[in-house]
Amino acid sequence: MRRILVSKSNAIIPSISSFYILRSSSIRPYSSLKGKVGVRINVENEVKCLDDAVNLFNRMVRMKPLPSLPVFCKLLKTMINMKHYYAVISLFREMRKLDIPISEFILSNVINSYCLMHRVDCAFSLLPIHLKSGIPFDVVTFTTLIRGLFAENKVTDAVVLFKNLVREKICEPNEIMYGTVMNGLSKRGHTEKTLSLLRLMEQGNTKPDIYIYNVVIDAFCKDRNLDAAISILNEMKQKGIPPDIVTYNSLIDGLCKLGQWEKVKTLFSEMVNLNIYPDVHTFNILIDGLCKEGIVEDAEEVMKHMVGKGVEPDIITYNVMMDGYCLRGQVDRARRVFDIMIDKCIEPDIFSYNILINGYCKKKEVAQAMQLLGEISQKGLKPETVTCNTILHGLFEVGGIGDAKRVYAEMLSVGPKPNIYTHSIVIDGYFRYGLVEEAMSLFNKLERKRENTDIAFYTVVINGLCKNGKLDEAQSVFEKLSLIGLPPNVRTYNTMITGFCRQGLLDEAKSMLRKMKKNSCLPDNVTYNVFVQGFLRWSKFSEMRTFMVEMADRGFSFDASTAGFLVNVVRENPSVLDMIPELHSKNKY
DNA sequence: GTAGGGTTAG
């Protein structure tokens, strides 16, 4: 899921204009970068791990004269690439203590480290150093901060900062800053805002480049709005900006996910005609698309084809193939792919394990899944929340409540940190085994802690209460939803309707149907099927007849569960068949 | 600063 909750907090943004006023005072930038030519240090060659970095740093600070600032900078950058963000900050503090001069580049790296650690608040707290040292803010620093805000989902803060920078003329945004803002917005589902920024750029001095167009096109593709994506493609072509491999990959992915294979072929030929050749991304997109359609054989063919074209499969190729087999229930084949991957010296990553664990769980082979879970740590990897969620779901599926409780308790104490899905899986599991008190006490605890909740979480609770004969309590949770600003969706309504129908409260069910229509939540196939089963269960055949006409008019049809139900009813009471209207002529399916 | 993989309620 691409869409992520938007933070409303605005607290940590310091007043930008106050920085601006200070900046315009007469402090001059530090100018000691030149003239310090010390011993030649090749950071890249010398630093292979954190220890190397710290040792080199300790050597550097004892040198007289000190190595030049770009060498310090290079060292910090190398450490960032090795993801040792905290160490960067420690060394920076050490530099301050030792009165080693700093540059804007060094500060940018430290700010970036804080951002990458998801501590954008600390990153902001470094800005006063710029002022004290007379180092000007530049567009790179602010772009880093904006990226840091997005990384913590502080979308509003990021946009406010960007707007302030522009309004107060603190810095002129370049393509990269625009790109960062647009990418942040688009990845969180704000396609319209992304598009507005494109239009703004087109009118301003900083003209959109290929990166910008690619962000916008990808946003539309992710929204499954391929028409809009292709119209942007045509716009960029008209403006003389040729699409590149990234553009085509986004579009091909969008088309694959919509199952529009003919258009995929057209785009594929178009790119090759432009001498843009498919890369490992392109092939992975195709392989994933085919696997998700269930045609793993074709995916295997594409894999052979890519090898023939000299494009080597990577870890994602193997993971996608594994998932393709798991989706068809062929977990043993997936396991073979896993082994082949290891033979080819590609070490499985946490995705590989998650995919395989999910495959085993779906086959109810939870013991195998648990064994893989143990293997993760042995391979130097760490189980993720997703890993444990998959295991938990699998355990509840087979009734392993004790194991599930142990996994959940371990998550709470040592991690990985449970998220909203974890809690939903556990509450759902408790309800399924009639552990209503445990489910409700967990639910109440999470509500008290004001843990992030979503509509799916509440739907689990409502469903659990209904299934355990507590329709009144379910209803009061349902009523609460609008108060806490979580509008019910079609699944929530369906859950309540199912609850009413099972109890024979068909009038309440119908009133719920009216309510959902009033709130512009369209009933889906499940809604109609639940009603038909309700009418069948309580022998309301003539009402069922009227209802089924509406159902057919809207193009919905029986699902497997309703069909099975109907067969049983007809077996006992064959005259029911006469009550079923002639639907097939009108039915779209 | 842009593209590809995993969990998730009726």
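Hydrogens, waters and symmetry mates are skipped; everything else that's a heavy atom, side chains included, is used. Proteins come first, then strands; the chains are lettered A, B, ... in the order of their sequence lines, and each starts at number 1.
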Novice: NA contact type, Ile212(A), heavy-atom cut-off 4.0 Å: base, sugar-phosphate, or nothing?
Specialist: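 Counting heavy atoms under 4.0 Å across all strands, the contact made by Ile212(A) includes a base.
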
Novice: Could you tell me whether the side chain of Thr141(A) and the main chain of Phe137(A) form a donor-acceptor pair under 3.5 Å?
Specialist: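 The answer is no, because no donor-acceptor pair under 3.5 Å joins these two groups.
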
Novice: dT7(B) phosphate, OP1 or OP2: any side-chain N/O from Asn358(A) under 4.0 angstrom?
Specialist: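 Yes, because at least one side-chain N or O of Asn358(A) sits under 4.0 Å from OP1 or OP2 of dT7(B).
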
Novice: Within the structure, does a side-chain N or O atom of His393(A) lie under 4.0 Å from either OP1 or OP2 of dA9(B)?
Specialist: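 Yes.
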
Novice: Applying a 4.0 Å non-hydrogen cut-off, can you work out what Ile217(A) is touching in the nucleic acid: base, sugar-phosphate, or nothing?
Specialist: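 No contact.
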
Novice: Using atom types as modelled and distance alone, determine if a side-chain donor or acceptor of Asn444(A) lies under 3.5 Å from a backbone N or O of Met440(A).
Specialist: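 Side chain of Asn444(A) to backbone of Met440(A): a pair is present.
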
Novice: What is the distance from CG of Asp323(A) to P of dT7(B), rounded to the nearest Å?
Specialist: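 Taking CG of Asp323(A) and P of dT7(B), I get 6 Å after rounding.
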
Novice: Just call it for Asp454(A): base, sugar-phosphate, or nothing, with non-hydrogen atoms closer than 4.0 Å on any strand.
Specialist: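 If one applies the 4.0 Å heavy-atom cut-off, Asp454(A) turns out to touch nothing in the nucleic acid.
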
Novice: Please give, in whole Å, the distance from dA9(B) P to Asn389(A) CG?
Specialist: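 Going from Asn389(A) (CG) to dA9(B) (P), I get 10 Å.
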
Novice: Name the nucleic acid region contacted by Val280(A), choosing base, sugar-phosphate or nothing; use a 4.0 angstrom heavy-atom cut-off, strictly under.
Specialist: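 Since a base atom lies under 4.0 Å of Val280(A), the category is base.
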
Novice: Is there a donor-acceptor pair under 3.5 Å between the side chain of Asn225(A) and the backbone N or O of Cys221(A)?
Specialist: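 Checked: no pair found.
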
Novice: Report yes if at least one side-chain N or O of Asn214(A) is closer than 4.0 Å to OP1 or OP2 of dA3(B); otherwise report no.
Specialist: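 For Asn214(A), the contact criterion (side-chain N or O under 4.0 Å from OP1 or OP2 of dA3(B)) is not met.
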
Novice: In whole Å, I'd like the distance from the CZ atom of Arg147(A) to the C1' atom of dT2(B).
Specialist: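 Atom-to-atom, Arg147(A) to dT2(B), this comes out as 12 Å.
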
Novice: Starting at atom CZ of Arg188(A), determine the distance to atom P of dG1(B), rounded to an integer number of angstrom.
Specialist: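 Atom-to-atom, Arg188(A) to dG1(B), this comes out as 14 Å.
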
Novice: What nucleic acid atoms does Thr459(A) come within less than 4.0 Å of, heavy atoms only: base, sugar-phosphate, or nothing?
Specialist: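 The answer is base, as Thr459(A) lies within the cut-off (heavy atoms under 4.0 Å) of a base atom.
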
Novice: Select base, sugar-phosphate, or nothing to describe what Asn174(A) touches, counting heavy atoms under 4.0 Å on all strands.
Specialist: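 Since no nucleic acid heavy atom lies under 4.0 Å of Asn174(A), the category is nothing.
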
Novice: For Ile316(A), report the nucleic acid contact type (base, sugar-phosphate, nothing); a contact means any heavy atom under 4.0 Å.
Specialist: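 Counting heavy atoms under 4.0 Å across all strands, the contact made by Ile316(A) includes a base.
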
Novice: Using a heavy-atom cut-off of 4.0 Å across all strands, would you classify Thr180(A) as base, sugar-phosphate, or nothing?
Specialist: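 Answer is sugar-phosphate: Thr180(A) comes under 4.0 Å of backbone atoms only.
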
Novice: In terms of relative ring orientation, are Phe338(A) and Tyr353(A) parallel, tilted or perpendicular, with 30° and 60° separating the classes?
Specialist: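 Rings of Phe338(A) and Tyr353(A): perpendicular, over 60°.
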
Novice: Centroid-to-centroid, Phe478(A) to Tyr458(A), below 6.0 Å?
Specialist: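 Phe478(A) vs Tyr458(A): aromatic centres not under 6.0 Å.
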
Novice: Tell me which nucleotide among dA9(B), dA3(B), dG1(B) gets nearest to the side chain of Ala456(A).
Specialist: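 Ranking dA9(B), dA3(B), dG1(B) by closest atom to the Ala456(A) side chain puts dA9(B) first.
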
Novice: Side chain of Val386(A) only, please: which of dT2(B), dA3(B), dT7(B) is the nearest?
Specialist: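 Per side-chain heavy atoms of Val386(A), the pick is dT7(B).
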
Novice: Using only modelled atom types and a 3.5 angstrom limit, is any donor from either the side chain of Asp209(A) or the base of dG1(B) paired with an acceptor on the other?
Specialist: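 For Asp209(A), whose side chain was compared with the base of dG1(B), there is a donor-acceptor pair (under 3.5 Å).
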
Novice: If you define the side chain from C-beta out and look only at heavy atoms, does anything of Leu195(A) sit under 4.5 Å from Thr191(A)?
Specialist: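 The answer is no, as the side chains (C-beta and beyond) never meet within the 4.5 Å cut-off.
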
Novice: What contact category does Asp428(A) fall into here, base, sugar-phosphate, or nothing, at under 4.0 angstrom with non-hydrogen atoms?
Specialist: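 The answer is nothing, as Asp428(A) stays clear of every strand by at least 4.0 Å.
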
Novice: Starting at OH of Tyr213(A) and ending at C1' of dG1(B), how long is that distance when rounded to a whole Å?
Specialist: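 Computing the Tyr213(A):OH to dG1(B):C1' distance gives 16 Å.
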
Novice: At under 4.0 Å, does any side-chain N or O of Lys222(A) touch on OP1 or OP2 of dT2(B)?
Specialist: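 Negative; the distance criterion is not met.
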
Novice: Between P on dG1(B) and CG on Asp244(A), what's the gap in Å once rounded to a whole number?
Specialist: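 Value for this atom pair: 16 Å.
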
Novice: Any salt bridge between Glu300(A) and Arg333(A), counting N to O under 4.0 Å?
Specialist: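 Not counted as a salt bridge, because no side-chain N and carboxylate O are separated by less than 4.0 Å.
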
Novice: Out of dA3(B), dA9(B), dT7(B), which nucleotide sits closest to the side chain of Asn463(A)?
Specialist: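 Nearest to the side-chain atoms of Asn463(A), counting from C-beta on, is dA9(B).
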
Novice: Under 4.0 Å, heavy atoms only, any strand: does Val460(A) hit a base, just the sugar-phosphate, or nothing?
Specialist: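 Here Val460(A) touches the backbone only, sparing every base.
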
Novice: Round to the nearest Å and state the distance from His281(A) atom NE2 to dT2(B) atom P.
Specialist: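 To the nearest whole Å, that distance equals 11 Å.
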
Novice: Considering only side-chain heavy atoms of Arg491(A), which listed nucleotide, dG1(B), dA3(B), dA9(B), is closest?
Specialist: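 My answer, after comparing the listed nucleotides, is dA9(B).
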
Novice: Can you tell me how far P of dA3(B) sits from CE of Met271(A), to the nearest Å?
Specialist: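 Taking atom P of dA3(B) as the reference, CE of Met271(A) is at 16 Å.
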
Novice: Distance criterion of 3.5 Å, no angle test: do you see the side chain of Asn489(A) paired donor-to-acceptor with the base of dA9(B)?
Specialist: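 It does, because a donor-acceptor pair links the side chain of Asn489(A) to the base of dA9(B) below 3.5 Å.
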
Novice: Under 4.0 Å, heavy atoms only, any strand: does Asn419(A) hit a base, just the sugar-phosphate, or nothing?
Specialist: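 It contacts nothing in the nucleic acid.
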
Novice: Would you indicate which nucleotide in dA3(B), dT2(B), dA9(B) comes nearest to any side-chain atom of Val215(A)?
Specialist: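 So the side chain of Val215(A) is nearest to dT2(B).
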
